[in-house]
Amino acid sequence: MGEPIGERVGIDVLLERVRAGLERIDAHSAYEAYEAGDVLLVDIRYAALRDRDGLIPGALIVERNELEWRLDPLGSHRVPEADSHDLRVVVLCNEGYASSLAAASLHQLGLRRATDLVGGFQAWRAVGLPVLLPANREPVQEPS
């Protein structure tokens, strides 16, 4: 085997470094920006979590293993929404850990306005923002 690519660090250190380069956003701010048409919400949770907990209405579903291919404005497999490197993307996962790493990866593609949702889907749901529940897929606004 060859030499390691970079310095060896634990995940906690890596997350701290990655997050220092992001302007992370809380659930209420993300919701307001989405409602104003200023952000693309991207849900990278895997299907079992979406089936268990529900969906955020209007969020683009892109599983983590496809994220860079779908959001690369220069890519041949991009989603229509990924039409500019100036796109403001808010990535969300279940609790806000994997989304930080995903947003950092988008930065490497030139999407410098990409960030993630602090606390992920669980934070969104906890503050009572709209969720399509798995049982009926009807929008539900829980009391805050």
Side-chain angles (χ1 to χ4, degrees), residues 1-127 129-141:
M1 283 173 65
E3 292 294 316
I5 292 175
E7 170 188 9
R8 293 180 184 171
V9 298
I11 189 62
D12 294 330
V13 171
L14 179 60
L15 269 173
E16 183 179 316
R17 289 179 183 175
V18 162
R19 287 174 173 170
L22 300 174
E23 292 182 26
R24 301 183 78 213
I25 189 169
D26 66 43
H28 283 296
S29 298
Y31 178 70
E32 290 170 5
Y34 173 74
E35 286 290 299
D38 294 335
V39 301
L40 176 64
L41 291 177
V42 179
D43 186 344
I44 63 169
R45 294 175 300 143
Y46 51 89
L49 288 176
R50 296 191 312 267
D51 290 345
R52 181 189 78 188
D53 295 337
L55 303 170
I56 294 175
L60 178 66
I61 306 299
V62 179
E63 291 201 18
R64 176 63 190 98
N65 64 323
E66 296 182 356
L67 184 69
E68 291 82 0
W69 283 268
R70 299 293 182 240
L71 292 184
D72 177 6
L74 302 176
S76 59
H77 298 290
R78 72 175 179 82
V79 295
E81 296 89 344
D83 60 358
S84 167
H85 282 94
D86 292 327
L87 182 64
R88 186 172 178 213
V89 176
V90 176
V91 181
L92 66 110
C93 63
N94 193 49
E95 295 181 338
Y97 295 96
S99 58
S100 295
L101 300 173
S105 182
L106 294 178
H107 275 232
Q108 291 179 326
L109 286 176
L111 293 160
R112 297 289 178 203
R113 298 179 69 206
T115 192
D116 75 319
L117 181 65
V118 176
F121 178 86
Q122 297 305 325
W124 179 281
R125 185 171 67 175
V127 297
L129 293 172
V131 171
L132 293 173
L133 296 176
N136 57 17
R137 292 289 187 228
E138 293 296 321
V140 172
Q141 181 99 27

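Count residues from 1 along the sequence. Below, all heavy atoms of this structure are taken into account, side chains as well, without hydrogens, waters or symmetry copies.
Residues satisfying the salt bridge (Lys or Arg N to Asp or Glu O under 4.0 Å) criterion with Glu66, sequence neighbours excluded, are Arg70. With sequence neighbours left out, the side-chain hydrogen bond (donor to acceptor under 3.5 Å, both in side chains) criterion links Arg78 to no other residue. Every side-chain hydrogen bond (donor to acceptor under 3.5 Å, both in side chains) that Arg19 has, sequence neighbours left out, goes to Ser100. For Ser29, the side-chain hydrogen bond (donor to acceptor under 3.5 Å, both in side chains) test picks out Asp26, with sequence neighbours left out. For Arg112, there are no salt bridge (Lys or Arg N to Asp or Glu O under 4.0 Å) partners two or more places apart in sequence or in a different chain. Remark: Asp72 engages no residue in a side-chain hydrogen bond (donor to acceptor under 3.5 Å, both in side chains) (not counting sequence neighbours).
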Query raised in the report: Can Arg50 and Asp43 be said to form a salt bridge (Lys or Arg N to Asp or Glu O under 4.0 Å), step by step?
Result: CA-CA 9 Å; Arg50 296 191 312 267; Asp43 186 344; 5.4 Å; no

Report task. Evaluate the side chain to side chain contact (heavy atoms under 4.5 Å, CB included) criterion for residues Leu55 and Ile61: first the C-alpha distance (whole Å), next the side-chain angles of each, then the deciding distance (0.1 Å), finally the verdict. Result -> CA-CA 9 Å; Leu55 303 170; Ile61 306 299; 3.9 Å; yes

Report task. Show your working on side chain to side chain contact (heavy atoms under 4.5 Å, CB included) between Glu81 and Val62 and close with a plain yes or no. Result -> CA-CA 12 Å; Glu81 296 89 344; Val62 179; over 6 Å; no

Query raised in the report: When you look at Ile11 and Val13, which way does the side chain to side chain contact (heavy atoms under 4.5 Å, CB included) test go after all the steps?
Result: CA-CA 5 Å; Ile11 189 62; Val13 171; over 6 Å; no

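The side-chain heavy atoms of Val89 and Arg113, taken from C-beta on, include no pair separated by under 4.5 Å. Leu101 has its side chain within reach of Leu15: a pair of non-hydrogen atoms, C-beta onward, lies under 4.5 Å apart.
Taking CG of Leu67 as the reference point, atom CD1 of Ile44 lies at 6.5 Å (rounded to 0.5 Å). Taking CG of Leu14 as the start and CD of Glu7 as the end, the distance is 10.0 Å to the nearest 0.5 Å. Atom-to-atom distance recorded for His85:NE2 and Leu71:CG is 10.5 Å, nearest 0.5 angstrom.
Remark: the Thr115 side chain and the Glu23 side chain contain no N/O donor-acceptor pair separated by less than 3.5 Å.
Of the possible donor and acceptor atoms, one in the side chain of Trp124 sits under 3.5 Å from a partner among the backbone N and O of Pro130. In terms of modelled atom types and a separation under 3.5 Å, the side chain of Arg24 and the main chain of Gly96 share a donor-acceptor contact.
The two residues Val90 and Ala30 make their nearest non-hydrogen contact at CG1-CB, 4.5 Å. Listed here is the closest heavy atom pair of Ala114 and Leu106: CB-CB, 3.8 Å.
A 6.0 Å sphere centred on CD of Glu35 holds more than 12 heavy atoms belonging to other residues, nucleotides or ligands.
The cationic group of Arg45 lies under 6.0 Å from the six-membered ring centre of Phe121 and within 45° of the ring axis, placing it in a cation-pi geometry.
In summary, Asp38 and Arg88 do not engage in a salt bridge, as defined by a charged side-chain N under 4.0 Å from a carboxylate O.
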